[in-house]
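Throughout, numbering of the chain's residues begins at 1 and tracks the sequence.
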Amino acid sequence: MAAIRAGQHDGARSMGTKGAGIMVSKLENMFAANRFVLPEQRELYLQMKEDEKLVPMPELEQDELESFHYQLRDAGREDYAVAITWWRHEKNNLGTTCMMWGKVEWIDPNSRRVKLLTDEDVQWIPMDTIIDVRS
């Protein structure tokens with residue numbers, strides 16, 4: 001019986017050493033276990049996770065902007081599809097990046113925006129927020 005107890009004790013010790021290497025934050029652990037969580041707490045936690053995904057608008061060089069404008073004009077003139085990536089403001093100076101593939105239907109120079117047309121959707125994209133154009 002003493003040998004069995006010693007074996008159980010050694011197994012518990014080695015398992016405890018493994019578990020010590022893995023640390024989980026209190027917030028993530030709050031939802032992993034079967035604990036009561038108020039809806040307000042859950043909503044706040046999910047909002048914090050969404051805020052972690054926000055990024056500042058990338059700084060672009062003038063030659064990159066000119067290249068994007070040339071590609072957009074060429075795609076509209078020659079009637080081929082492009083993939084446009086743009087930055088969308090969410091809160092403070094942070095936002096998310098969006099990407100859409102389609103045909104450049106119209107470039108409005110007065111309001112500085114591009115009309116991108118896909119099979120299912122039409123999107124007006126402000127030219128000042130475009131961060132990448134791929135042919």
Would you sort out whether Leu54 and Lys91 count as a side-chain contact (heavy atoms from CB on, under 4.5 Å), showing the intermediate values? CA-CA 9 Å; Leu54 299 178; Lys91 62 168 61 170; 3.8 Å; yes

Let me confirm one number: the CD1-CD1 distance from Ile125 to Ile130, rounded to the nearest 0.5 Å. 6.0 Å

Heavy-atom nearest pair, Ala81 first then Trp101, reads CB-CZ2, 3.3 Å

Measure the spacing between CD of Gln123 and CD1 of Ile84 and express it to the nearest 0.5 Å. 9.5 Å

Looking only at heavy atoms, which two atoms of Val104 and Ala75 are closest? And how far apart? CG2-CB, 4.0 Å

I would like to know whether Arg88 and Glu90 meet salt bridge (Lys or Arg N to Asp or Glu O under 4.0 Å); could you show each step before the answer? CA-CA 6 Å; Arg88 184 180 311 200; Glu90 295 289 331; 5.2 Å; no

Is Leu65 reachable from Trp86 through a run of hydrophobic residues whose side-chain heavy atoms are each under 4.5 Å from the next? yes

Would you say CH2 of Trp124 has more than 12 non-hydrogen atoms from neighbouring residues, nucleotides or ligands within 6.0 angstrom? yes

Between atom CG of Asn92 and atom CG of Asp51, what is the distance when rounded to the nearest 0.5 Å? 9.0 Å

Heavy-atom distance under 4.5 Å between the side chains of Lys103 and Asp79, does that happen here? yes

Note: with side-chain heavy atoms under 4.5 Å as the link, the other cluster members for Met99 come out as none

More than 12 heavy atoms of other residues, nucleotides or ligands under 6.0 Å from CG of Asp63: yes or no? yes

Is the number of heavy atoms from other residues, nucleotides or ligands within 6.0 Å of OH (Tyr80) greater than 12? yes

Minimum-distance pair of heavy atoms, taken over all atoms of Arg112 and His69: NH2-CE1, 4.0 Å

Value rounded to 0.5 Å, distance of OG1 in Thr129 from CG in Leu60: 10.5 Å

List the steps and the verdict of side-chain contact (heavy atoms from CB on, under 4.5 Å) for Thr96 and Val55. CA-CA 6 Å; Thr96 57; Val55 294; over 6 Å; no

When rounded to the nearest 0.5 angstrom, what is the spacing between CD in Gln47 and CZ in Arg42? 12.5 Å

Between Val82 and Ser135 the two heavy atoms that sit nearest each other are CG1-CA, 4.3 Å

Answer yes when Lys115 and Asp108 have at least one side-chain N-carboxylate O distance shorter than 4.0 Å, and no when they do not. no

If you take all heavy atoms of Pro58 and Trp87, which pair is closest and at what distance? CD-CD1, 4.3 Å

Can you tell me how far the CZ atom of Arg134 sits from the CZ atom of Phe68, to the nearest 0.5 Å? 8.0 Å

When you group the ILVMFWY residues by side-chain heavy-atom contacts below 4.5 Å and let the links chain together, are Met100 and Leu117 in the same group? no

